[in-house]
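Here's the structure we're looking at; comments come further down.
Note that the coordinates shown come from a computational prediction; the quantities given were computed from them, not determined experimentally. We count ligands from 1, going down the list as the structure has it; atoms in each ligand are counted the same way.
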Amino acid sequence: DKGGFKHYMLKEIYEQPAVTLAAFEGRINDGLVDESVFGEQATAIFDQVKQIQIIACGTSYHAGMIAKYWMESLAGIPCHVEVASEYRYRSVVIQEGTLFVSISQSGETADTLAALRDVQDQILASLTICNVPGSSLVRESDLNLMTKAGPEIGVASTKAFTTQLVALLLTTIVLGRRFKLTEDKEREIVLALAELPSLIERSIAMDGAIESMSQSFAEKHHSLFLGRGTLYPVAMEGALKLKEISYIHAEAYPAGELKHGPLALVDKDMPVVAVAPQNDMLDKLKANLQEVSARGGELFIFAGSTQDVQPGEGIHVLGMPSMPQILEPIVYTIPLQLLSYHVAVLKGTDVDQPRNLAKSVTVE
Ligand code: M6R
């Protein structure tokens, strides 16, 4: 049932205020995260963790990349992240005290499951962040945190991703307590989380403006997505969505890498999307965007401050609501989902069932 929406994907995008709330409500006690929701052995296992190894594929891998920034900067825990299809086929060094974290919407992705099985006897313990109760990854992991997004039907993952990020933030908190995260900081993050559903709602309200913007993409063959810090994986996720459902080649770069190669591609036929919240990387990002403009590239910027990032010739700016920095990667994902959705609709592709792809990749 598409609930009156034209596609499941759009319905699932619009469900995000509700499901991101479901992903944290009931898991907070007196302003602090209740770690027993991870499973009976949670406390005993978390007490022994020395580092994290995250494994996932596709969109779930992008969630893992964001979690790495959080684990290291907020929690002070060493964290590695890798796609399952590479990790499982190379010989890896697993350090003592490694918590193996798999992230998967379906819980059935063949490579992710195989990676877990391969390292079972070398790790401290396993935790899976998953959307499907009773799935293989859930059954085979020591600890679980369900993302509670509800069934995701569209092949392009949307609400599964944003709820994974909420779950990973909760995970960063419970582990970070044992490292450098203070109780004050934890309370601050929990308070910020409470604002998430309404911030997502306000981003969804930009739908009409994003739909207009999508016309500038439908005829193009290539595009570039830029971000820095936690917004770099958001750019990767935006590019994956565009490729997946609109069949337009899209590549993401951490903006600081532009001048090391991709700047040579930029011309008026290659739209450049940038996610530019008002954080301490903004000035650096603006300098990178300047390089794009100077080469005639057309910019589409989702900006935290329309005072700091101004529209101009070939520079389109959509203002995002102001928000706590921790929420930026979650909220800035929304306009990119909507952009790829509208481009795909304009192109007339099969939005919910893109060619050559399956919802659950159970073969390697
Ligand atoms: O079920 P999983 O999260 O393990 O699936 C991983 C990828 O196959 C999945 O995220 C894929 O990249 C999405 N279709 C992207 O929208």
ask   = Quick one: does ligand 1 sit under 4.0 Å from the side chain of Lys359, the backbone, both or neither, non-hydrogen atoms only?
value = neither
request  = Check whether any heavy atom of Ser360 sits under 4.0 Å from an atom of ligand 1.
outcome  = no
message = salt bridge (Lys or Arg N to Asp or Glu O under 4.0 Å), that's the test. Do Arg178 and Asp47 meet it? Break it down for me.
response = CA-CA 7 Å; Arg178 276 112 174 143; Asp47 281 346; 2.9 Å; yes
Pair Glu291 + Lys259, salt bridge at N-O below 4.0 Å = yes
note = the protein heavy atom lying closest to atom 10 (O) of ligand 1 turns out to be Thr59 N, 3.1 Å
message = Among residues at least two apart in sequence or on other chains, which ones pass side chain to side chain contact (heavy atoms under 4.5 Å, CB included) with Ser85?
response = Val83, Asp111
task = Kindly compute the distance separating CG (Leu168) from CH2 (Trp70), expressed to the nearest 0.5 Å.
result = 6.5 Å
Atom 4 (O) of ligand 1: the protein heavy-atom neighbour that sits closest, reported with distance to 0.1 Å = Thr109 OG1, 2.4 Å
query = Ser60 heavy atoms, cut-off 4.0 Å: which ligand 1 atoms fall inside?
reply = 2 (P), 3 (O), 10 (O)
ask   = So is there a nitrogen or oxygen of Gln164 less than 3.5 Å from a nitrogen or oxygen in ligand 1?
value = no
request  = May I ask you to check whether Tyr69 and Tyr232 place their ring centers less than 6.0 Å from one another?
outcome  = no
task = Considering the heavy atoms of Glu244, write down every atom of ligand 1 situated less than 4.0 Å from one of them.
result = 13 (C), 14 (N), 15 (C), 16 (O)
message = Check Glu237 with Lys241, please: is the shortest side-chain N to carboxylate O separation under 4.0 Å?
response = yes
query = ring-ring contact (aromatic ring centres under 6.0 Å, His included): which pairs involve residues 157-213, sequence neighbours left out?
reply = none
inquiry  = Residue-level breakdown please: for Glu108 versus ligand 1, do any non-hydrogen atoms fall below 4.0 Å on the side chain, on the backbone, on both, or on neither?
reply    = neither
key: Protein contact to atom 1 (O) of ligand 1 [nearest heavy atom, distance to 0.1 Å]   = Ser106 OG, 2.7 Å
remark   = of all protein heavy atoms, closest to atom 8 (O) of ligand 1 is Val361 CG2, 3.9 Å
query = Does Thr112 reach ligand 1 with a nitrogen or oxygen that is under 3.5 Å from one of the ligand's nitrogen or oxygen atoms?
reply = no
inquiry  = Quick test of your reading of the model: are Glu183 and Arg177 salt-bridged, counting only N-O distances below 4.0 Å?
reply    = no
ask   = Just which atoms of ligand 1 are under 4.0 Å from any heavy atom in Ala156?
value = 16 (O)
Distance filter under 4.0 Å to Ser104 heavy atoms, resulting ligand 1 atoms = 1 (O), 2 (P), 3 (O), 4 (O)
key: Distance filter under 4.0 Å to Val155 heavy atoms, resulting ligand 1 atoms   = 13 (C), 14 (N), 16 (O)
message = Run the ring-ring contact (aromatic ring centres under 6.0 Å, His included) test on Phe217 and Phe300 for me, step by step, so that the C-alpha distance in whole Å, both residues' side-chain angles and the decisive distance to 0.1 Å come before the verdict.
response = CA-CA 10 Å; Phe217 289 77; Phe300 298 85; 4.8 Å; yes
